[in-house]
Amino acid sequence: MNAEDFMTAEMTVLSRFLEGKPNRDLETTQLVSCELLRSVGMDSINCGINTLQNDSLALPVAEVQYALSAWFEINKREMPWRITRNPYHIWLSEIILQQTRVEQGIPYFMRLTTRFPTVESLSDADLDEVLQLWEGLGYYSRARNLHKAAKMIVEKWSGLIPSALDDLLSIPGVGPYTAAAISSIAFGHPHAVLDGNVIRVLSRIFAFPEDVALSSSKQTLHKMASALLDVRRPGDHNESMMELGALVCTPKPDCPICPVRSFCKGFETGTPTQFPVKRAKKKTPHYHIAVGVIRDEEGRIFIQKRSLDSMLGGLWEFPGGKNESTESYQQTCRREILEETGMSVDVGPLIASIPHAYSHFKITLHAYDCELTSSTIPSTALSWEWAVNEQLQEYAFPKANRLLINMLTQQESGTTEGNND
DNA sequence: AAGGCGGGGAG
DNA sequence: CTCCCAGCCTT
């Protein structure tokens with residue numbers, strides 16, 4: 001087909017789409033080839049609902065692309081990183097958005113780009129400051145890798161984000177998704193992204209019957225995404241797939257308003273929510289953590305910095321640790337503080353018990369008022385500080401620790417200002 | 001291939 | 001409560 005015929009075909013497809021008459025049998029539309037489907041085993045998979053047929057799975061790619069682009073232009077949300085193609089901003093936004101909702105990430109993007117307008121300014125910063133700006137966003141290895149990556153980009157590429165997939169993949173914190181996203185959105189290179197949204201959309205369109213966590217499934221889904229990619233506008237296409245997954249093809253999908261429902265096997269069979277197929281995850285354990293609030297003679301509070309390679313690495317915390325169930329929480333508190341810092345304390349009254357959920361376990365943080373009984377200088381391998389209340393705002397703390405700090409601050413202001421109740 | 005790694009919003 | 005989000009890294 002020559003270019004002119006292709007244009008004509010596209011116009012035909014578009015006008016039919018706009019008339020609400022998508023037509024699977026248009027001979028001018030590109031089809032996801034049966035060869036592709038066969039190569040990934042989709043022609044003979046019994047998904048338990050019905051046996052999938054090549055014909056019922058073949059997608060008119062041009063129609064789907066038009067449906068997606070038309071929907072996207074009308075429905076896309078405004079985001080601060082959508083007003084630019086500055087690769088640095090695209091990179092930063094993609095790191096922020098890993099496992100993170102757009103609404104949650106926006107204020108962090110604004111603060112980080114304001115404080116660090118360039119890769120150089122980010123690479124020159126202290127990791128502590130980056131972590132402080134990242135506090136509350138979770139997955140702190142992203143912040144550590146971001147900082148490490150900035151230094152690498154300055155050294156290796158003179159501060160310019162590379163555009164080639166292999167170069168991007170060599171950057172700490174940049175994996176297959178992020179590399180394809182930066183490459184396509186910032187540089188217009190034809191790489192399809194495969195994230196949680198795209199996996200959901202594609203697994204429903206194709207009624208993909210296998211566990212999407214398997215690497216073989218990822219490969220298959222990526223081939224599908226690549227076959228569907230609109231190489232004339234890769235970035236917009238990728239964003240439209242993800243936006244569809246975020247706004248329409250959600251865990252509880254709104255199929256009646258979906259622009260591609262007429263191409264969707266999941267919709268056709270009335271069982272879109274059966275996809276994507278995921279194995280049940282095991283339930284999370286619940287730990288009890290006891291920590292101590294220790295003040296010196298000047299009323300400053302003891303805090304320590306978590307090891308960089310640990311969970312919540314680089315953040316600050318109150319000393320303490322996990323209860324071993326053969327002991328009381330007070331005993332846990334005393335034992336852990338001695339082990340971690342070498343300081344002996346008398347454990348006083350309970351200040352608060354704060355519940356908190358992590359992704360793979362739950363904790364209750366029991367905080368005790370502690371009295372230092374040894375004059376020993378803390379002999380911990382970790383960094384530590386005696387900090388006054390105002391300073392506590394300048395350190396990065398995990399969520400449960402931050403809640404405790406807020407309670408301490410409230411207590412203090414309540415006693416100094418006098419309680420009217 | 002499997003598990004670790006945060007926090008928040010939706011239902 | 002549960003689910004899951006513009007995933008990456010280590011083992």
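Just so you know, these numbers use all the heavy atoms, side chains as well, and skip hydrogens, waters and symmetry mates. Convention: sequence-line order gives letters A, B, ...; per-chain numbering from 1.
Close placement of the F109(A) and W81(A) rings is indicated, their centers lying within 6.0 Å of each other. Taking the six-membered ring where the residue is Trp, the centroids of F361(A) and Y287(A) are separated by under 6.0 Å. Between F72(A) and H237(A), the distance from one ring center to the other does not fall under 6.0 angstrom.
Across all strands shown, K362(A) has heavy atoms under 4.0 Å from sugar-phosphate atoms exclusively, and none from any base. Using a 4.0 Å heavy-atom cutoff across all strands shown, M241(A) reaches no nucleic acid atom at all. Within the nucleic acid shown, T178(A) comes within 4.0 Å of sugar-phosphate atoms alone, with no base atom in reach, counting heavy atoms only. At a threshold of 4.0 angstrom between heavy atoms, the contacts of W134(A) with the nucleic acid are absent.
Of the residues in residues 182-198 of chain A, those lying under 4.0 Å from DNA chain C by heavy-atom distance are D195(A), G196(A), N197(A).
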For nucleotides 9-11 of chain C, which of its nitrogen or oxygen atoms have a protein nitrogen or oxygen under 3.5 Å away, and what is each distance?
residue, atom, partner, partner atom, Å
dC9(C), OP1, G173(A), N, 2.5

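If you run side-chain contact (heavy atoms from CB on, under 4.5 Å) between F397(A) and each of I303(A), L403(A), L131(A), only I303(A) comes through.
Other residues, nucleotides and ligands contribute over 12 non-hydrogen atoms within 6.0 Å of the NZ atom of K76(A).
Atom CD in E239(A) sits roughly 9 Å away from atom C1' in dA6(C) (whole-Å rounding). In this structure, CD1 of I95(A) is placed 8 Å from P of dC8(C), rounded to the nearest angstrom. Atom CH2 of W81(A) and atom P of dA6(C) are 11 Å apart (whole Å). Taking atom CD1 of I199(A) as the reference point, atom P of dC8(C) lies 11 Å away to the nearest angstrom.
Between the side chain of D230(A) and the backbone N or O of P234(A) there is no donor-acceptor pair closer than 3.5 Å.
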Base-contact (B) and sugar-phosphate-only (S) positions in nucleotides 5-11 of chain B, heavy-atom cut-off under 4.0 Å, - elsewhere: BBBBB-S

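To the nearest 0.5 Å, atoms CZ (R115(A)) and OG (S121(A)) are separated by 7.0 Å.
Between the C1' atoms of dG11(B) and dA6(C), the separation comes to 22 Å (whole Å). Nucleotides dC8(C) and dG9(B) are separated by 24 Å at their P atoms, to the nearest Å.
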